[in-house]
Amino acid sequence: MKITLKLFATFRNGRFKIAEQELAEGTEVRQVVLSLGLTEEEIGIVMLNGRHGELDSTLSHGDILSLFPLVGGG
Amino acid sequence: MDKIFRVNMTDLTTKIEAVPAAWAGLGGRGLTSTIVAAEVPPTCHALSADNKLVFAPGLLTGTAAANSGRLSAGAKSPLTGGIKESNAGGTAAQMLAKLGIKAIIIEGAPKTGAWYNLAVGLNGVTINEEKELLGLGNFAVIDAVEARLGKKTGVLTIGPAGELKMTAANISVKDPDSKIRSHGRGGLGAVMGSKQIKFISIDGEGAKPVTIADPEKFKTAARAFSKALLDHPVSGEGLPTYGTNVLVNILNEAGGLPTRNFTTGQFEAHDKISGETMHDTIVERGGKPKHGCHAGCIIQCSQVYHDKDGKYVTSGFEYETIWGLGADCCIDNLDDIARADNLMDDIGIDSIETAVMFGVAMEAGILKWGDSKEMLRLLTDEIGKGTALGRILGGGAGSVGRTYGVTRVPVVKNQGIPAYDPRSVKGIGITYATSTMGADHTSGYTIATNILNVGGYVDPLKKEGQVELSRNLQIATAAVDSTGMCIFVAFPALDIPECLPALIDMINARFGIALTGDDVTNLGKYILKLERDFNQKAGLTNVHDRLPDFFKTEPVAPHNAVWDFTDEEIDEFWNF
């Protein structure tokens, strides 16, 4: 299956902004995180199709997964 | 001993008063709102002699506590018709605190057309007639005051918008680089203009360090507090690197980035105006990605933005300004948004109200969507010069909506709704609706918990938990706004258990008192209820604690969310 992976803030350093990824069925967000060389602790916000997701959310074909470090503003 | 400086602009006299016992434990917002509630008739015209403009540093301002240099300004707001407190960084708050000035109260209004400046110093205030600087922009005023009185002079000033009493006019505060921070919201610049005061200078000569009752305890608490600020990923790393504008991409992903005057929740060109792009642009052009709005700030969320030739364009370039002129007006040119930010500082007009206003103006057909050049022209030639059109625009989003018959006008209590769509981030909708300030994201920043996973998580698209979340944050914020602290201390305070006790310990050590966490919560409740009581007497009741109808009837993409709280559910907010 294919998903779209978007990275933000410091996660883009040495990586990319947006990429299509070919993944095995049943892949969880956690596996994508680790495959990027990131640790679970570094993850601030997981968004799956514009809603908050979890590290153990299971991905489906066509999903848009966005990963942010813990950042904020206001 | 701290004192109150009182200035009467009707008979042009000044007084130094002792601090009444009831005000001794108050600072910042708690003090400005207490004074306004005690001394301003709630039904008065906000631009009349009956209104009073009050400045107060916070309880910890002037101490070595990190991030404690904020100044509160309060009055009845000509924009909302209710009570207003707006706080800002800059150099003034710490200078006033070190001069032992608990508050400055400016009352009355001149009987003639003459304009004045106020000179504040250790021994009181003098009122001087001002002719030379009338009509000038804020940057020129700051330069001229420094040339007249010395580089170290503190300055509070209004631009042409304040002189013309536009209801979106702000009060500018000189920052450590002689640039500008603003008491932005609620038209306080118009109140200063109605008193015919062009600027207030502050002479720090003779200022002393503020007295600390228990220096050892203070030092220990201050250290723990700073550590919490630096340890938290938002205040310690995210804000210094990207500034507040990191939120463009986050809100866009969450579908809560109001776009094209609140008709959709995502902006196609989001990446061009994002914090990530801004950071890279600043670094590439030799600007400063980190910058503090006051001495002692260790978060450094501000920045200095340069043009292509490496020349200064603006600083303190915030998410809400960039969102408003960017996504909400469909402008994808960050350089033009930066120029507009600088113009708004110079003219002295709130960059949130004005950005929301331009979205309504585009809907009204005054200018085309995305037309940044015409926006810059309207700022310079119409608002800046006070033409008839400029005065309508300078009245804010509500003013333009009323004048041009627009029904989609994102305001609460006539104050423009900022940068987070209340349909897809419902907690902030409760804050917009119920805040005593009119639509104000800072008064109960539920984005922390709805979007940023700070202080736990409450699903932004569901109604459950939002009223309680907003209530708790509004109570805490009212208390924090009384300390002189930057509101971003809330990020570590929500997550790091040592942070809030350290803040309370600093207050206790400063004054030799023994406040508990409950006392601080009660202070926040007292302030909110006092402000609400003023508003009710001014005619702003629960009927005004409502979002505009279009939020209920127009679903916002991508979640097709609507504002679905009943009136009774909203009113539950005040059940404390």
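Throughout, a chain's letter reflects where its sequence line sits, starting with A, and its residues are numbered from 1.
- At a 4.5 Å heavy-atom cutoff, the contact between L461(B) and chain A is made by side-chain atoms alone.
- Heavy atoms closer than 4.5 Å to chain A are found in the side chain of P460(B), but not in its backbone.
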Check chain A against chain B and list any donor-acceptor pairs under 3.5 Å.
unit_1 : atom_1 : unit_2  : atom_2 : d
K6(A)  : NZ     : E253(B) : OE1    : 3.4
K6(A)  : NZ     : E253(B) : OE2    : 2.9
A9(A)  : N      : E276(B) : OE2    : 2.8
A9(A)  : O      : Y242(B) : OH     : 3.4
T10(A) : N      : Y242(B) : OH     : 3.0
R12(A) : NH2    : D271(B) : OD1    : 3.3
K17(A) : NZ     : D271(B) : OD2    : 2.5
G44(A) : O      : N453(B) : ND2    : 2.8
G50(A) : O      : H559(B) : NE2    : 3.1
H52(A) : ND1    : Y457(B) : OH     : 3.4
H52(A) : NE2    : I451(B) : O      : 2.9
S66(A) : OG     : E253(B) : OE1    : 2.7
G73(A) : O      : Y445(B) : OH     : 3.2
G74(A) : O      : H441(B) : NE2    : 3.0

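- The candidate with the highest count of non-hydrogen atom pairs below 4.5 Å against chain A, out of I447(B), V234(B), V454(B), is V234(B).
- Proximity to chain A is limited to the side chain of L247(B), based on heavy atoms less than 4.5 angstrom apart.
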Table please: side-chain donor-acceptor pairs of residues 67-74 of chain A below 3.5 Å, with sequence neighbours left out.
none

